[in-house]
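As a basis for the values below, the full set of heavy atoms in this structure was taken, side chains included, without hydrogen atoms, waters or symmetry mates.
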Amino acid sequence: MLGGGSLYDNMKMTVNERVVQIVNIWMASDAFLRHAANPRICEEVAQLCRTGELRIWHDQIQYKPPVSGGPTGWHQDHPLWPIIQPADLVSAWVALDDAVIENGCMWMVPGSHKWGNHQKHLASDKAFKPYHRQPELLPPGAVVEAVPFEIKKGQVGYHHSLTWHGSPHNRSALKRRAIAVHYMPGHIRYEPRAEHPMHDYVRVKPGELLTGDDFPLVYTAPSRESAG
């Protein structure tokens, strides 16, 4: 007791609203590399990409903690990756906890991957609903309506690198952990237009296919001979 008051009278507590992320965990863990090379996931992503080869662009461990888990604003992935072209990547998002509305699951806008790059025009209202700052730039018939991406622990969902997506706060007592692996088909080129953290791993020249040990090949379609 000090001066008749409580020791804690002048103390303040702050909570940082954030999402914890670890990138390229596969480089430090054989278990996570095996996950990224999961034959079932890779085959399905290859089908979605219509490619015979898949490489890892990078991965992300994501943790949205209870109560203080912050939002991830509405965005498209590919515009945030300004060193690779074309925008043909697909991500595999595996839930390590149930991802539901209550604990801040992702929301997506169906069909938005067909509309092109609108990253600089994306915004959200107070209810976290997305909108386009210049809707006249959208293609005719485009409907900006978000839907929740709720999946159970252990399930996987796929989304294109131009899909509009984001996730609100986690105000619940539930954890929301996941791992996303971003896959690139074999025809992705190194085309630097701005800086990006993955620059340090690139060992090819601009215009060349993005290959190398830091972008490992995790899927090759079986040849017709071996398939037969």
Transitively linked via ILVMFWY side-chain contacts under 4.5 Å: [X] with [Y]?
X    : Y    : answer
W115 : W81  : no
I61  : V218 : yes
M184 : L162 : no
Y63  : L96  : no
V45  : I151 : no

Given [X], which partner from the list [options] fulfils the side chain to side chain donor-acceptor pair (under 3.5 Å) test?
X    : options          : answer
Y190 : R203, H199, K205 : H199
W93  : H165, H159, Q62  : Q62
H118 : H132, R133, Q134 : H132

* Give the intermediate values and the outcome of side-chain contact (heavy atoms from CB on, under 4.5 Å) for residues S91 and Q60. => CA-CA 10 Å; S91 299; Q60 289 173 291; over 6 Å; no
Shortest non-hydrogen separation from [X] to [Y] and the atoms involved:
X    : Y    : value
D214 : W26  : O-CZ2, 3.4 Å
S167 : K64  : OG-NZ, 3.1 Å
P130 : V109 : CG-CG2, 3.9 Å
P79  : N117 : CG-OD1, 3.3 Å
W107 : P168 : CD1-CD, 3.9 Å
T51  : G186 : OG1-N, 3.5 Å

Given side chains that start at C-beta, do those of [X] and [Y] come closer than 4.5 Å, heavy atoms only?
X    : Y    : value
L80  : Q119 : yes
V204 : L210 : yes
I56  : L33  : yes
P82  : E195 : no
D77  : L89  : no
H78  : Q85  : yes
V181 : F32  : no
C105 : F149 : no

From [atom1] ([X]) to [atom2] ([Y]), nearest 0.5 Å:
X    : Y    : atom1 : atom2 : value
Y158 : C49  : OH    : SG    : 10.5 Å
H169 : T72  : NE2   : OG1   : 10.0 Å
H187 : R50  : NE2   : CZ    : 11.5 Å
D97  : K153 : CG    : NZ    : 6.5 Å
H58  : F215 : NE2   : CZ    : 9.0 Å
T211 : R189 : OG1   : CZ    : 14.0 Å

* Between Y131 and W74, is a side-chain contact (heavy atoms from CB on, under 4.5 Å) present by the stated rule, with each step listed? -> CA-CA 9 Å; Y131 67 90; W74 282 94; over 6 Å; no
* Output, in order, the C-alpha distance, side-chain angles, deciding distance and verdict of side-chain contact (heavy atoms from CB on, under 4.5 Å) for V144 and L138. => CA-CA 10 Å; V144 179; L138 290 171; 3.8 Å; yes
Can any side-chain N or O of [X] pair as donor or acceptor with the backbone N or O of [Y] at less than 3.5 Å?
X    : Y    : result
E150 : I101 : yes
N170 : P65  : yes
N38  : H35  : no
Q76  : G116 : yes

* To do: Taking the six-membered ring for Trp and the full ring for Phe, Tyr or His, determine whether the centres of W57 and H196 are under 6.0 Å apart.
  =>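 Yes; H196 has its ring centre under 6.0 Å from that of W57.
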Neighbour count above 12 (heavy atom, 6.0 Å) for [X] [atom1]:
X    : atom1 : value
D30  : CG    : no
Y201 : OH    : no
E208 : CD    : yes

* Can L217 and E53 be said to form a side-chain contact (heavy atoms from CB on, under 4.5 Å), step by step? -> CA-CA 7 Å; L217 186 68; E53 289 187 349; 3.9 Å; yes
* Asked: Using the ring of each side chain (for Trp, its six-membered ring), is H160 parallel, tilted or perpendicular to H113, with breaks at 30° and 60°?
  ->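 The arrangement is tilted - the two ring planes meet at 30° to 60°.
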* From the options I41, D88, I188, D59, select the one residue that forms a side chain to side chain contact (heavy atoms under 4.5 Å, CB included) with Y183. =>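 It is I41; the other options fail the test.
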